[in-house]
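Index from 1, following the sequence. No experiment lies behind these values; they were computed from the predicted model shown. Reckoned from all heavy atoms, side chains included, excluding hydrogens, waters and symmetry mates.
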Amino acid sequence: MDVQQIKPIHLDVLQEVGNIGAGNAATALSQLLNQKIDLNVPSVRIIDFQEMQSLAGGEEKVVAATFLRVSGEAPGSMFLILQKEEAEELAYSLTGNKVNIIDDSFDELAASALNEMGNILAGAYLSALSDFTSIQMQPSVPSLAIDMAGAIISAGLIEISQVGDYAIVIDTLMGETDDTSSTPATGQFFLLPDPDAFERIFQSLGVDWS
């Protein structure tokens, strides 16, 4: 696969698809939290796996990550990675309880809340991508891990039977509409299509791999 064939216009389309998914996820999260949530996708990029760890904050940076498999006509894997502080802020918004994700205050309720948020976001993004490309994709039940970014990404990749060389990064900004004093939380979705699935997605966007 030659990523040089992927043009800015194709990434612009993926960004628009991401914003459609973000809009759907914002509606679901607003209902879950009973407050207006804004989500948007400022950028979409194609990176190799070495860059994944850097974007996640470095190999030894502690993060919260939701991992799931994608089944259907374009199988692959997804990570939603949140920095420690942002995961704690979102857990507080979701549960009303202040937690530290690396001690006993991070309980089953907080973990379940973050997992559900990851499930909503992944489902919304995949649904939008599926609708736009006419390719069927469904997320599995997600699993949550708290660990160093390098360990989480390595463990997730080991679980994948076949893996390509690149990932699609969907940057996501999350914040309360009425709260202008706080900085939006930044999360990153890494969509790792299996090799044939990667080509299929971009062929549906007009990239000719021949």
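By the 4.5 Å heavy-atom criterion applied to side chains, V63 and K84 are not counted as neighbours.
Here CD of Q83 is found 6.0 Å from CD of E86. Values are rounded to the nearest 0.5 Å. Rounding to the nearest 0.5 Å gives a distance of 9.5 Å between CD of E85 and CG of N100. With rounding to the nearest 0.5 angstrom, the CZ atom of F132 is 13.0 Å from the CD1 atom of I201. With rounding to the nearest 0.5 Å, the separation of CG in L94 from CE in M117 is 6.5 Å. A distance of 11.0 Å separates CG in N115 from CD1 in I120, rounded to the nearest 0.5 Å. In this structure, CD1 on I81 lies 9.5 Å from OG1 on T66, to the nearest 0.5 angstrom.
Under the salt bridge (Lys or Arg N to Asp or Glu O under 4.0 Å) criterion, E16 pairs with no residue, sequence neighbours left out. A111 meets the side chain to side chain contact (heavy atoms under 4.5 Å, CB included) test with F106, L144; sequence neighbours excluded. Listed by chain and number, the residues in a side chain to side chain contact (heavy atoms under 4.5 Å, CB included) with S43 are R45, D171 (sequence neighbours excluded). Under the side chain to side chain contact (heavy atoms under 4.5 Å, CB included) criterion, A87 pairs with A64, L82, I101, L114, sequence neighbours left out.
The shortest heavy-atom contact between L68 and A122 is CD2-CB, 3.5 Å. Minimum heavy-atom separation, P142 to N119: CD-OD1, 3.7 Å. The nearest pair of heavy atoms linking A26 to I37 is CB-O, 3.4 Å. In plain terms, the two heavy atoms of P75 and G72 that are nearest each other are CD-O, 3.6 Å. When all heavy atoms of A65 and I152 are compared, the pair lying nearest together is CB-CG2, 3.6 Å. In terms of heavy-atom proximity, G76 sits nearest to R69 at O-NH1, 3.0 Å.
Every pair tested for salt bridge (charged side-chain N to carboxylate O under 4.0 Å, His left out) that includes a residue from residues 106-131 fails, sequence neighbours excluded, so the list is empty.
The pair D147-K61 does not count as a salt bridge, with every side-chain nitrogen at least 4.0 angstrom from each carboxylate oxygen. Salt-bridge annotation for E73 and R200: present, with a side-chain N of the basic residue lying under 4.0 Å from a carboxylate O of the acidic one.
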Residues F198, L192; criterion side chain to side chain contact (heavy atoms under 4.5 Å, CB included); working and verdict: CA-CA 8 Å; F198 200 111; L192 289 67; over 6 Å; no

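Counting heavy-atom neighbours within 6.0 Å of D104 CG, excluding the residue itself, gives a total of 12 or less.
Aromatic ring centres of F189 and Y125: separated by under 6.0 Å.
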Exercise answer: donor-acceptor pairs, residues 6-15 side-chain atoms, under 3.5 Å, sequence neighbours excluded:
unit_1 : atom_1 : unit_2 : atom_2 : d
H10    : ND1    : K7     : N      : 3.0
Q15    : NE2    : V41    : O      : 3.1
Q15    : NE2    : P42    : O      : 3.0

